[in-house]
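This report concerns only the one structure given below.
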2 protein chains.
Amino acid sequence: MKYNASKCGFKSYHVFFRNLANPIRTKIISALKEKQSSVTELAEKLKIEQSKLSHALAALKSCNIVDYKQKGKSRIYFLNKTTILPMLKIIDKHKCKYCKHK
Amino acid sequence: MKYNASKCGFKSYHVFFRNLANPIRTKIISALKEKQSSVTELAEKLKIEQSKLSHALAALKSCNIVDYKQKGKSRIYFLNKTTILPMLKIIDKHKCKYCKHK
DNA sequence: ATTTCATATGAAACCTTATTCATATGTCTT
DNA sequence: AAGACATATGAATAAGGTTTCATATGAAAT
């Protein structure tokens, strides 16, 4: 995937969704929902190698889904909760509605 | 992509998002937001060939993003507005916030 | 300024998804 | 039941995304 360097990494809906259409990236989101973390912390918690995480985080950041603050050598990534939490809530509700039987 | 035949086509967020991560599918959503339509109508309006649309609609239906009612020979597809409209609204807002300069 | 720790980046290999097109299925009309 | 119209489906190929791994960059400590 190629990421737009400009401030906003998407012009159309599908580019935003594409960013979320990946298991590693959604795992990162779930983790950051609980607690902001450095790449190393995410790597340990999720058992995902560093380079994969960096790639994934770059993608998420390109659409402003996450951001980070530098803290010493580490980058502490945090979730854009304003956008993402209500979004996940909608999906939970949707799932609930159509997957009652599971 | 393979679609789950069971009622609910996704177990994890990224599968739901993956479904929306495609320009044809988001175009269909935009079209259906305005007006429910048959495949032929969509084909004309969006200038997308029938077979592509059928594939795309099958994907969207697998996650209950659209549904249809049979009407004669045609299938009238309609959007699951309950889920999708608020979702798009969140993205619009997000975009607005980060793309002011564009 | 060198080393160490933390993270990012690039490119090839690999894997997944989309497109295409021929054909099948389904529904109505006659 | 045959024909016409509408949509779906399958499979090969094309297109696109992800993983991997080697290397680069950056920040702090010595």
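Since the model is a prediction, treat every value here as computed from it, not as a measurement. Convention: sequence-line order gives letters A, B, ...; per-chain numbering from 1.
In this structure, CZ of A:Phe17 is placed 17 Å from P of D:dG17, rounded to the nearest angstrom. Distance CG (A:Asn19) to C1' (D:dT18): 13 Å, rounded to an integer number of Å. Rounded to whole Å, the distance from CZ on B:Arg18 to C1' on D:dT18 is 13 Å. One can place CD1 of B:Ile48 at 11 Å from P of C:dT20, the figure rounded to the nearest angstrom. For the pair A:Glu49 CD and C:dA6 C1', the interatomic distance rounds to 15 Å; values are reported in whole Å. Going from atom NZ of A:Lys52 over to atom P of D:dT20 covers 4 Å, rounded to whole Å. Distance CG (B:Leu60) to C1' (C:dA18): 14 Å, rounded to an integer number of Å. Rounded to an integer number of Å, the gap from A:Ile24 CD1 to D:dG17 C1' is 12 Å.
A:Gln50 and A:Ser54 form a side-chain donor-acceptor contact under 3.5 Å, judged by distance and modelled atom types alone.
Regarding contacts with the backbone of D:dT18, a side-chain N or O of A:Asn22 is found under 4.0 angstrom from either OP1 or OP2. B:Arg25 has a side-chain polar atom (N or O) that falls below the 4.0 Å cut-off from OP1 or OP2 of C:dA18.
Stacking of B:Lys95 on the aromatic ring of A:Phe16 is not recorded, the 6.0 Å distance cut-off and the 45° axial limit not both being met.
Heavy atoms only, all atoms of each residue included: B:Ile90 and A:Ile90 are closest at CD1-CD1, 3.5 Å. Residues B:Cys63 and B:Val15 share a closest heavy-atom pair of SG-O, 4.4 Å.
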Please enumerate all protein N or O atoms sitting under 3.5 Å from an N or O of nucleotides 3-11 of chain D, with distances to 0.1 Å.
from	atom 1	to	atom 2	distance (Å)
D:dA6	O3'	B:Ser74	OG	3.4
D:dT7	OP1	B:Val39	N	3.2
D:dT7	OP1	B:Arg75	N	3.4
D:dT7	OP2	B:Thr40	N	2.8
D:dT7	OP2	B:Thr40	OG1	2.0
D:dA8	OP1	B:Arg75	NH1	2.9
D:dA8	OP1	B:Tyr77	OH	2.4
D:dA8	OP2	B:Ser54	OG	2.7
D:dA8	N7	B:Gln50	NE2	2.6
D:dA8	N6	B:Gln50	OE1	3.4
D:dT9	O4	B:Ser51	OG	3.3
D:dG10	O6	B:His55	NE2	2.5

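The closest donor-acceptor contact from the side chain of A:Asn19 to the backbone of A:Ala59 lies under 3.5 Å.
For the side chain to side chain donor-acceptor pair (under 3.5 Å) test, no residue two or more places apart in sequence or in another chain qualifies with B:Glu34.
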